[in-house]
Amino acid sequence: MKTIFPLNQRHLADLPESVQRPSYDREKLTAGIMHIGVGGFHRSHEACYTDDLLEKTGVDNWGICGVGLREADRKIADVLKRQDYLYTLIVKHPDGKIENRVIGSIVDFMLGCENPTAVIDRMASEQTKIVSLTITEGGYNFNPATGEFDFENPDVKHDLEHPENPRTVFGYLTEALRKRRVVDLPAFTVQSCDNIQHNGDMTRKMLLAFAHAQDAALAQWIAEEVSFPNAMVDRITPVTTPEDISMLENDYGIRDEWPVTCEPFSQWVIEDKFSNDRPEWENVGAQFVPDVTPYETMKIRLLNAGHSVLGLLGSIHGHETIDSCVADPLFETYLRRFMDTEATPVLGTIKGIDLDDYKSSLIERFGNPNIKDNLARICLESSSKLPKFLIPTILDNLEQGGSTEYAALVIAAWCYYSDKGVDRHGNKLEIVDEMKAELHNAAAGTSQDKLSFLKLTPVFGNLAKNQVFTQEYASMVDELYENPDISKLMQALLFGRE
Ligand code: CS2
């Protein structure tokens, strides 16, 4: 019988030979990076680049201390602690090949809700050079209707009154930076790794708004001293399933309570402006560039928007995963048409990148049959994704007289999804969204007012006031509510009516 080893430092040497593992001395590693939001994506991306760097160069000051701010982060905190902060990255190739590697770059984990002072003090210590973030698109506390920081958020109100006992990322960063300033330590870099256009600029704007409400002089210091490099981040990382966990145990004898799966592709393009030291991630495949704008626009408006297009249309149709969508010629053609006729014309040129190749490579990556990226993951928190991924393309096209119908059908599908919560066969679709109630209520008003959903201004801004768009959208909603077989509408858009 196969021996099964729990994943931890002591058993690293016992793992099967095929499993790549850290050979660097993890005992000696100090954590120059603190990372807030240790989800699957951080573990397949920044932590993986950093693991490569530690392995390749032998530097010992760029370990990562993971940070979770909320009670919900306790599970990852406990699992990582039990495993000496090690976990397996299961890289799944399209041909069925699987590469397992144990990542060793995370060397500690702290829970803010348990001891905020300890987290703040560590951020304020000289050792911390970078605080990086994956707090999701919704985590930036941005009001899409005004474009400004949302001071109405109760946690923000709490943090303004209790700077030493914060709940939000803005409270933590501000307090830690205050402490650094008092003792004259150089600022750390705040490095966003979320899918937001100009993610660094956005983080800066939000943090400065918060800090200013607390201490104008400190806000001024942050504005002058802290860098917020923009970055494009990319690696498809589906949700870990129980099958992934048992596959590792049965096939490789590794008991890992929370491995991460991902595709082989990975990309990280970062603006080279750091307020403190930085790791030489360029030695392990990251690109440092003066201006990341074209890369982020391309990625967000093609890959992420492409995911949302398939996610919402595919859910209504009854598909379950991204690869089953692109294996369906109607969906593949629709995706390509959306990318070619709506997303690409408003992207501008991207120096050094052949967009046709990029789009084809996306379709190939989406088609990886082993990734099984669930549409439920893609559709969760759509209220913070679509305003970043899809709506900017619609607005640009409306301004330039371009086509918006392929995107309009996606919004109509989202309305149907939020209203009925079922696919065309009547199977339940879960809505996981911070704005679930608002989305549902707005969508449920559609039978009285076809534009009811679009009038949800925190998501759509003034889109409901645009006549061209509302006409297209209203007729699609009409048809979809009449007959939820979305493939008919997709076909009509692609090939005309029969
Ligand atoms: C996805 C992203 O959340 C989503 O909707 O589009 O998580 C996507 O898989 C990553 O950004 C890929 O880099």
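Whatever order the structure lists ligands and atoms in, that order sets their numbers, starting from 1. All values derive from a computational prediction rather than experimental measurement.
- Under the side chain to side chain donor-acceptor pair (under 3.5 Å) criterion, S360 pairs with R336, not counting sequence neighbours.
- Because its NZ or CZ atom is not both nearer than 6.0 Å to the ring centre of W62 and within 45° of the ring axis, R278 does not count as a cation-pi partner of that residue.
- Defined by atom type and a distance below 3.5 Å, a donor-acceptor pair is missing between the side-chain atoms of N441 and E438.
- In this structure, F188 CZ and M34 CE are separated by 9.0 Å, a value rounded to the nearest 0.5 Å.
- A donor-acceptor pair shorter than 3.5 Å can be found between the side chains of Y406 and R337.
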Could you give the N/O to N/O pairs under 3.5 Å linking ligand 1 and the protein, each with its distance?
from     : atom 1 : to   : atom 2 : distance (Å)
ligand 1 : 3 (O)  : K385 : NZ     : 2.9
ligand 1 : 5 (O)  : K385 : NZ     : 3.1
ligand 1 : 6 (O)  : N304 : ND2    : 2.9
ligand 1 : 6 (O)  : H307 : ND1    : 2.8
ligand 1 : 7 (O)  : R377 : NH1    : 2.8
ligand 1 : 9 (O)  : R377 : NH2    : 2.8
ligand 1 : 11 (O) : N195 : ND2    : 2.9
ligand 1 : 11 (O) : K299 : NZ     : 2.6
ligand 1 : 11 (O) : N304 : ND2    : 3.0
ligand 1 : 13 (O) : D234 : OD1    : 2.6
ligand 1 : 13 (O) : R235 : N      : 2.9
ligand 1 : 13 (O) : K299 : NZ     : 3.1

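- Other residues, nucleotides and ligands place no more than 12 heavy atoms under 6.0 Å from the CZ atom of R70.
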